[in-house]
Amino acid sequence: DFVLADYLAWYLNHPNTLDYLKANAKVGTIPSVSKVDLSNLQIPIPAIERQKKILVIAQLAEKEKSLYNQIAERKHFLYNALMYEWAHEE
């Protein structure tokens, strides 16, 4: 089985995987995960085409999140500008 580096990075950064790693991390100056705990991490390796589909969807989801944030910021700016203008009207 082959694994795309981007798929592996996506999987390792997935919230469920991060929860597992945090739950098994050893506390110290720098948190660390033991080799045994890391080797117990089951990483599913689907077919390359499915890995690519997962990555496309993940990228689209991030883009959507970014666009929603931009919309929210612009709406907030517009609302504040409008309310400020209203406050100064006679």
Side-chain angles (χ1 to χ4, degrees):
D1 292 342
F2 292 99
V3 63
L4 299 172
D6 287 343
Y7 169 80
L8 183 59
W10 168 83
Y11 190 84
L12 291 174
N13 286 291
H14 189 276
N16 293 353
T17 306
L18 292 175
D19 286 346
Y20 169 83
L21 294 173
K22 287 176 187 173
N24 291 288
K26 307 301 181 256
V27 180
T29 306
I30 300 174
S32 62
V33 178
S34 73
K35 186 176 179 179
V36 171
D37 289 330
L38 194 56
S39 68
N40 288 333
L41 178 62
Q42 298 290 319
I43 300 175
I45 303 176
I48 293 293
E49 286 308 311
R50 179 159 297 187
Q51 292 179 44
K52 289 178 182 178
K53 286 178 184 178
I54 290 169
L55 292 172
V56 167
I57 293 169
Q59 289 170 344
L60 289 172
E62 282 299 313
K63 180 66 174 173
E64 180 183 39
K65 181 180 173 183
S66 173
L67 289 171
Y68 275 124
N69 287 339
Q70 288 177 26
I71 290 168
E73 287 174 12
R74 289 178 182 174
K75 282 174 63 176
H76 182 73
F77 176 80
L78 289 172
Y79 292 154
N80 278 333
L82 181 61
M83 290 181 290
Y84 189 81
E85 188 176 311
W86 285 354
H88 288 89
E89 286 182 359
E90 291 185 28

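The basis for the numbers below is simple: all heavy atoms, side chains too, and nothing from hydrogens, waters or symmetry mates. Treat the numbers as computed from the prediction; the structure is a model and nothing was measured. We number each residue from 1, following the sequence as shown.
In this pair, H14 and W10 present their aromatic rings perpendicular. The plane angle is above 60°, beyond the 30 to 60° band.
Of all the heavy atoms in D6 and L55, the pair that sits closest is O-CD2, 3.5 Å. Residue I54 comes nearest to P46 through the heavy atom pair CD1-CG, 4.4 Å, listed as atom of the first residue, atom of the second, then distance.
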Between Q59 and K63, is a side-chain contact (heavy atoms from CB on, under 4.5 Å) present by the stated rule, with each step listed? CA-CA 6 Å; Q59 289 170 344; K63 180 66 174 173; over 6 Å; no
Take L12 and I43 through the test side-chain contact (heavy atoms from CB on, under 4.5 Å) and record every step on the way to the result. CA-CA 9 Å; L12 291 174; I43 300 175; 4.2 Å; yes
Test side-chain contact (heavy atoms from CB on, under 4.5 Å) applied to L67 and E64, step by step: CA-CA 5 Å; L67 289 171; E64 180 183 39; 5.7 Å; no
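Under the 4.5 Å side-chain heavy-atom criterion for grouping Ile, Leu, Val, Met, Phe, Trp and Tyr, Y7 is not connected to V56 through any hydrophobic cluster. I57 and I48 fall into different hydrophobic clusters, defined by Ile, Leu, Val, Met, Phe, Trp and Tyr side-chain heavy atoms under 4.5 Å apart, directly or through other members. Hydrophobic clustering places I45 together with F2 (ILVMFWY residues linked when any side-chain heavy atoms are closer than 4.5 Å, directly or through intermediates).
Counted within 6.0 Å of CG on L82, heavy atoms from surrounding residues, nucleotides or ligands total more than 12; the atom is thus considered enclosed.
Remark: the backbone N or O of L4 is paired with a side-chain donor or acceptor of Q51 at under 3.5 angstrom.
Sequence neighbours left out, the pairs with a member in residues 24-44 that pass side chain to side chain donor-acceptor pair (under 3.5 Å) are K26-D37, S34-D37.
A distance of 9.5 Å separates CD in E73 from NE2 in H76, rounded to the nearest 0.5 Å. In this structure, R74 CZ and I71 CD1 are separated by 8.5 Å, a value rounded to the nearest 0.5 Å.
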